[in-house]
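Values below: all heavy atoms of this structure, side chains included; hydrogens, waters and symmetry mates excluded. Chain identifiers are assigned alphabetically (A, B, ...) following the order of the sequence lines, protein sequences preceding nucleic acid strands; residue numbering begins at 1 within each chain. In this text the structure is predicted, and so the values were computed from the model without any measurement.
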Amino acid sequence: MATSALRLDNVDAFYGDSHVLQNVSFELGEARMLGLLGRNGAGKSTCMNVGMGLLAARRGEVSVFGEKVTRLSPEMIAARGVALVPQGRRIFRSLTVRENLIVAGRKPDAGSNHAPWTIDTVFGMFPRLKERTAQMAAHLSGGEQQMLAIGRALMGNPRVLLMDEPSEGLAPQIVAEVMATIRKLKESGLSIILVEQNPNLVFDVADDIVILNTGGVAVVSTPAALRQDDALLRQHLGVF
Amino acid sequence: MNFWLVLTVNSVTFGGLLFLLASGFSLIFGLMRIPNLTHGSLFMLGAYIGGSIVIGLFGFKMNFWLAAVLAALTVAALGALIERFLLRQLPGDQLAQVLVTLGISFMAADFCLMVWGGDPMSVTTPEGLGGFARIGGAVFPLYRLAIIAIAVVVAIALWLLLDRTRLGAMIRAGVDDPDMARVVGIRVSQLFTIVFALGAGLAAFAGIIGGPILSVYPGLDQDMLPLALLVVIIGGAGSLLGSFVGSILVGFIYNFGQALLPELAYFVLFLPMLLVLLLRPQGLFGRHVP
Ligand SMILES: Nc1ncnc2c1ncn2[C@@H]1O[C@H](COP(=O)(O)OP(=O)(O)OP(=O)(O)O)[C@@H](O)[C@H]1O
Ligand SMILES: [Mg+2]
């Protein structure tokens, strides 16, 4: 079996006393895209937080390219090539666009075989950010903030990219732009987890699908199979 | 010399001194989310250490400015040690961290009393600045003008550091969103040490610079700490501009309050703080509610 880029094995996670993830296991294959679906509150963001080290798994293991990272800090997991585009974007609002990118800069790993991300290549991908380079990030539109959040993640030259609802709150046309970007990133060989509530967005780009339901893995499948199974989708995601 | 003019110059001078003290306090508050209750002690310690060197108390004597730099560096190192070996042991537990800083402030007060005794220590004004400058029709004490100039230079240096360097952007990112700062790979705990040491050094520098006008005495720490807190609540935690404006404001309120309403000096001083807390809890220039 190919190496997995990111793996959760039997993960249990809590916020205080509330048991949010129960025995969650899934894996993201190298250079693949995993769509992570689930209703509001199903535990998708919690999985991302555990993968990034923002929330420590109480039981179970997390590994990145075979190396255990369970309970490492976010900065150490970032140093191992994982980057997060968080839900709600969470760009540094009082920093300029350029500063948001600079502070996240990290040299690519020695073994990496494609051109590193720099401010210039990020600006090449998002020309609109380039026009706003000296502007405070707080003053960007929602779509621009999402581009900045993606650009900031890329500045870490990650091997694994975690994207938590990047389409949330964006106009349809901007969603299409963001999805086109995600497709390009996938083609560049990046291993990606894409969290979404809307399965149709994910089915077009993902290789594998995991559906969470109330903190556990309910379905592991592929877009092709799930497209045929409306009943299953309705059961776990509601009506679309 | 005109009474109002004197009062104004004194206010700006005191504001400048407060800025040296409070800018570090504010950065620490913004980044680590704790009021560093040792800040008054660090100010006092800087004044005692620097003052001792200036008057040659421990057998060696130095020029005022060298003494100030040496005191600032010593206390900055002490600040780094406090952060690394005490506060770092209590990550995320802000209440415990605040209590640690409170404990250290009491210990520092005892230590100073033991070493320097209960009598005030007067620090001589640096050479060449004991006189007055005549500007227009008015006469200004040179040393007070020097304090204002120093505060402006430090403000510009801090602004350059925070606004024009990658380190500064990282610090601001940490103030904005510490979790995201860590997610993008910034070692926020290292920033804590750097900012704590910087704040400690600045506080100590303020202490010795203020020595010739305030003198140094037991209790100086507890006189200064509330003023730093005031500046940060009014200006906003983590904001350099907020510290600057807040310091000058507090400098004016403090001096005018004492001159015009001496019985109500504290009332006048803390009323604006209550108003800011009620009406704009993040401070005039801050983004976070402390
Ligand atoms: N910081 C927190 N403290 C306590 N409970 C939390 C916290 N964050 C999330 N939860 C709870 O954990 C559960 C899972 O939340 P999570 O954010 O992972 O869901 P999600 O699948 O990302 O949902 P959404 O689609 O709304 O983003 C929910 O019941 C939520 O209420
Ligand atoms: Mg979520």
Side-chain angles (χ1 to χ4, degrees), chain A residues 45 48-56 72-108 117 119 134 136-138 145 148-158 160-164, chain B residues 26-27 29-33 88-93 158-195 235-244 282-290:
Chain A
S45 296
M48 298 299 96
N49 290 344
V50 167
M52 195 67 232
L54 282 168
L55 181 67
L72 288 190
S73 64
E75 54 270 42
M76 295 179 83
I77 292 180
R80 282 160 178 73
V82 183
L84 171 69
V85 178
Q87 188 165 16
R89 304 162 199 135
R90 293 178 68 175
I91 42 143
F92 300 117
R93 297 173 58 83
S94 66
L95 271 58
T96 64
V97 166
R98 185 180 201 86
E99 286 169 342
N100 264 276
L101 298 174
I102 291 174
V103 297
R106 186 185 77 99
K107 289 201 176 67
W117 289 99
I119 297 232
M136 283 246 275
Q145 291 192 5
L148 183 57
I150 295 172
R152 181 180 67 177
L154 294 175
M155 286 296 290
N157 282 294
V160 178
L161 184 60
L162 310 177
M163 307 185 92
D164 197 347
Chain B
S26 170
L27 269 184
F29 206 150
L31 189 64
M32 303 176 66
R33 313 279 149 112
R88 177 85 54 100
Q89 307 309 314
L90 303 159
D93 190 346
L158 277 178
W159 175 74
L160 287 174
L161 171 73
L162 286 171
D163 216 74
R164 287 289 179 270
T165 67
R166 182 162 186 253
L167 174 66
M170 286 175 163
I171 292 173
R172 284 180 291 128
V175 171
D176 248 18
D177 190 335
D179 278 344
M180 272 312 121
R182 303 175 73 199
V183 163
V184 303
I186 297 172
R187 284 188 274 180
V188 174
S189 59
Q190 269 183 11
L191 295 184
F192 283 6
T193 312
I194 292 171
V195 164
S239 157
L240 187 67
L241 182 62
S243 305
F244 194 81
Q282 72 273 41
L284 299 180
F285 298 93
R287 297 218 320 110
H288 297 283
V289 178

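Heavy-atom pairs under 4.5 Å with chain B were tallied for A/Glu99, A/Met76, A/Met155; the largest tally goes to A/Glu99.
Nearest heavy atoms, B/Ile186 versus A/Glu75: O-CB, 3.8 Å. Between A/Gly105 and B/Arg166, the closest heavy-atom pair is O-NH2, 3.2 Å.
Residues B/Met180 and A/Ile91 form no side-chain contact, since every pair of their non-hydrogen atoms from C-beta on lies 4.5 Å or further apart. Using a 4.5 Å heavy-atom cutoff, the side chains of B/Val183 and A/Arg90 are not in contact.
Within the 4.5 angstrom heavy-atom criterion, only side-chain atoms of A/Arg152, from C-beta onward, approach chain B. For A/Leu54, the part lying under 4.5 angstrom from a heavy atom of chain B is the side chain only.
Counting heavy atoms of neighbouring residues, nucleotides and ligands inside a 6.0 Å radius, atom CZ of B/Arg187 does not exceed 12 of them.
Residue B/Asp177 holds its CG atom at 11.0 Å from CG of A/Leu95, rounded to the nearest 0.5 Å.
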* Asked: Does the pair B/Arg172 and A/Phe92 meet the rule for a side-chain contact (heavy atoms from CB on, under 4.5 Å), with working shown?
  -> CA-CA 8 Å; B/Arg172 284 180 291 128; A/Phe92 300 117; over 6 Å; no
